[in-house]
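Owing to the predicted nature of the structure, the values given are computational and were not obtained by experimental measurement.
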Amino acid sequence: MLFVRTALLAAVLAAAAALPVWAHHSHGNYKMQEFTALKGTVKEIHWLTPHSWIYLEIKDAKGEPVLWALEGASVAQLRRRGWAAESIKVGDTLSVRCHGLQDGSPGCLLGYVAVAGGEEKLFD
């Protein structure tokens with residue numbers, strides 16, 4: 001009986017530990033099967049967890065500025081990939097490859113980012 005209680009307690013604790021993984025939202029609002037290439041100027045950057053954000057001003061087909069909201073990985077993930085808070089600054093020119101929003105509004109899930117003169121690196 002003690003073995004059954006111990007096994008049940010272990011199963012409950014394992015399930016509780018996995019809940020944060022299950023609770024993470026999906027990326028169903030993004031076109032995950034294709035990339036959108038953008039180039040623009042950083043207007044804001046927010047190094048946050050669970051997701052960082054870059055606000056990039058892009059010129060549309062008419063030459064008008066459009067602000068895009070680009071969702072990236074957490075601060076810990078970005079650090080593991082070689083990014084630091086000072087890697088990207090307001091005013092920098094970035095080239096990005098990202099997964100656009102399903103509804104066509106100006107937003108993306110970042111895949112890769114290249115700072116002007118630098119090599120492309122994973123940002124998600």
[Y] side chain reached by [X] side chain, heavy atoms, under 4.5 Å:
X      : Y      : result
Leu109 : Met32  : yes
Leu94  : Phe123 : no
Tyr112 : Lys121 : no
Gln102 : Tyr30  : no
Ile58  : Pro106 : no
Cys108 : Leu38  : yes

Ignoring hydrogens and angles, write down the donor-acceptor pairs under 3.5 Å from the side chains of residues 41-49, residues two or more places apart or on other chains.
from  : atom 1 : to    : atom 2 : distance (Å)
Glu44 : OE1    : His46 : NE2    : 2.7
Trp47 : NE1    : Ala85 : O      : 3.3

Looking only at heavy atoms, which two atoms of [X] and [Y] are closest? And how far apart?
X      : Y      : result
Tyr55  : Ala69  : CE2-CB, 3.6 Å
Ser87  : Gly82  : OG-O, 4.4 Å
Lys89  : Glu86  : NZ-O, 3.5 Å
Ala114 : Glu120 : CB-CA, 3.8 Å

Cluster question for you: counting only ILVMFWY and a side-chain heavy-atom cut-off of under 4.5 Å, with indirect links fine, are [X] and [Y] together?
X      : Y      : answer
Leu70  : Trp83  : yes
Leu110 : Leu101 : no
Val113 : Phe35  : no

Is the NZ atom of Lys39 crowded by more than 12 outside heavy atoms at less than 6.0 Å?
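Open: at most 12 neighbouring heavy atoms sit under 6.0 Å from NZ of Lys39.
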
Do other residues, nucleotides or ligands put more than 12 heavy atoms under 6.0 Å from the CD atom of Glu34?
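Count over threshold, so yes.
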
How long is the gap from OG1 on Thr93 to CD1 on Ile88, to the nearest 0.5 Å?
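Answer for the OG1-CD1 pair, Thr93 versus Ile88, is 11.5 Å.
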
Please report the interatomic distance NE2(His99) to CD(Glu71), rounded to the nearest 0.5 Å.
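Here the interatomic distance stands at 11.0 Å.
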
For residues 35-71, which residue pairs pass the disulfide bond (SG atoms under 2.5 Å apart) check, not counting sequence neighbours?
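For residues 35-71, and leaving out neighbouring residues, there are no disulfide bond (SG atoms under 2.5 Å apart) pairs at all.
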
List in chain and number order the residues that pass side chain to side chain donor-acceptor pair (under 3.5 Å) with Arg81, two or more places apart in sequence or in another chain; answer none if no residue qualifies.
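Listed in chain order: nothing, the list is empty.
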
